[in-house]
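Working notes for the structure below.
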Amino acid sequence: MMALQVRDLKRHFGGVRALDGVSFELAAGHCVALIGPNGAGKSTCFACLAGQLQAQSGQVLWAGQPLLGLSPAQRLQRGVARTFQVAQTFEALTVLQNLQLVLSAGKLSWWDRLDQRSAQAAEAFLEAMDLQPMRHAVVADLSYGAKKRLELAMALAGWPDARIGTSAEVPRLLLLDEPAAGLAPAERQTMMALVRRVADSGVTVLYTEHNMDAVFGVADRVLVLMQGRLVADGRPEQVAQDPRVRQDYLGQGFSL
Ligand SMILES: Nc1ncnc2c1ncn2[C@@H]1O[C@H](COP(=O)(O)OP(=O)(O)OP(=O)(O)O)[C@@H](O)[C@H]1O
């Protein structure tokens, strides 16, 4: 059975059909890119999967369980985590405190001191995202690349089994909205190697991207969305040869 099943997903904004009947399936542990021009519906699709937006119709099954109608927090409990186009971090806190805050979610009381909470658990996420050297840096002082890596670490730390006092393992879906946006080529490469490593650890990853070097050579499969409809779905080398995708998005000069 496919880990994620999306069937005939629709979300309109007035007359704009942001998602106009989108269907696809993802296998567990695959790393899949969702690409398409500005306004194609990628962010709307993510928001409908993670729960920030409610779809008007359709069905989404994650590990066989329906997701639509659940809140983002309920979806996170079922293993669905996400990041945003612009990194969402707490600027005035340190890198370590950002992670401690996520790891302590729902467990902190006003008398707790953040620095005594889950420092050990946070170390594993710092290491996974190459953030140890800057653990005590205030986030406002970080490079954007480090901020994006911290946001990714926070998404991983948000899964229920990563948090204090919870142990049940859940199947993990990670939705990354433009993980490499705003990054210089070298930072982009580092970021995408980390994303690939997360997928290789068994996490199902779906990500959007406008930088094609962060898509081809990274994703196992590529989905192409245009005007709210899926127009191509296949292995990267197949999609790169698709005449409509070349004409309307990649450009005729595109080569791998
Ligand atoms: N809250 C909203 N209200 C009205 N229209 C919206 C809203 N959110 C998205 N849209 C419209 O829905 C369509 C799809 O937008 P969406 O942001 O999902 O595209 P996208 O593929 O993520 O684009 P980009 O690559 O620029 O981020 C666009 O026409 C957009 O203007």
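In what follows, residues are counted from 1 in the order of the sequence shown. Remember, it's 1-based here, ligands and their atoms both numbered in the order they're listed. These numbers come from a predicted model, not from an experiment.
- A distance-only check finds a donor-acceptor pair linking the side chain of Trp62 to the backbone of Arg78 [under 3.5 Å].
- The protein heavy-atom contact nearest to atom 27 (O) of ligand 1 is Gln85 NE2, 3.0 Å.
- Relative to atom 20 (P) of ligand 1, the option among His210, Met226, Lys42 with the closest non-hydrogen atom is Lys42.
- Of the possible polar contacts, one joining the Trp159 side chain to the Gly79 backbone as a donor-acceptor pair under 3.5 Å is found.
- For atom 19 (O) of ligand 1, the nearest protein heavy atom (residue, atom name, distance) is Gly41 N, 3.2 Å.
- For atom 12 (O) of ligand 1, the nearest protein heavy atom lies under 4.0 Å away.
- Thr94 places no side-chain N or O within donor-acceptor distance of the main-chain N or O of Ala137, the cut-off being under 3.5 Å.
- Looking only at protein heavy atoms, the nearest one to atom 16 (P) of ligand 1 is Thr44 OG1, 3.6 Å.
- The single protein non-hydrogen atom nearest to atom 24 (P) of ligand 1 is Asn38 ND2, 3.7 Å, given as residue, atom name and distance.
- Taking the charged nitrogens against the carboxylate oxygens, Arg135 and Glu123 do have a contact shorter than 4.0 Å, which makes a salt bridge.
- One finds no salt bridge joining Arg149 and Asp130 here, because no Lys/Arg side-chain nitrogen approaches an Asp/Glu carboxylate oxygen to under 4.0 Å.
- There is no protein heavy atom less than 4.0 angstrom from atom 30 (C) of ligand 1.
- For ligand 1 and Ser43, the ligand atoms under 4.0 Å from any heavy atom of the residue are 17 (O), 18 (O), 20 (P), 22 (O), 27 (O).
- Put simply, Val215 and Val231 are part of the same group of oily side chains (I, L, V, M, F, W, Y) that touch within less than 4.5 Å, one to the next.
- In summary, the atoms of ligand 1 found under 4.0 Å from a heavy atom of Pro37, numbered by their order in the structure, are 21 (O).
- Inclusion of Ala40 in the set of residues having an N or O under 3.5 Å from an N or O of ligand 1 is warranted.
- The protein atom (non-hydrogen) at minimum distance from atom 1 (N) of ligand 1 is Phe13 CE2, 3.6 Å.
- For the 3.5 Å distance criterion, the side chains of Asp8 and Ser23 fail to qualify, holding no donor opposite an acceptor.
- By the 3.5 Å distance cut-off applied to N or O atoms, Ala18 is not counted among the residues near ligand 1.
- Where the criterion is an N or O separation shorter than 3.5 Å, residue side chain and backbone included, Gly36 fails it with respect to ligand 1.
- Side chain of Glu209 to backbone of Ala180: a donor-acceptor contact under 3.5 angstrom is found.
- The salt bridge (Lys or Arg N to Asp or Glu O under 4.0 Å) check on Arg221 picks up Asp233, with sequence neighbours excluded.
- When only non-hydrogen protein atoms are considered, atom 14 (C) of ligand 1 lies nearest to Gly39 O, 3.3 Å.
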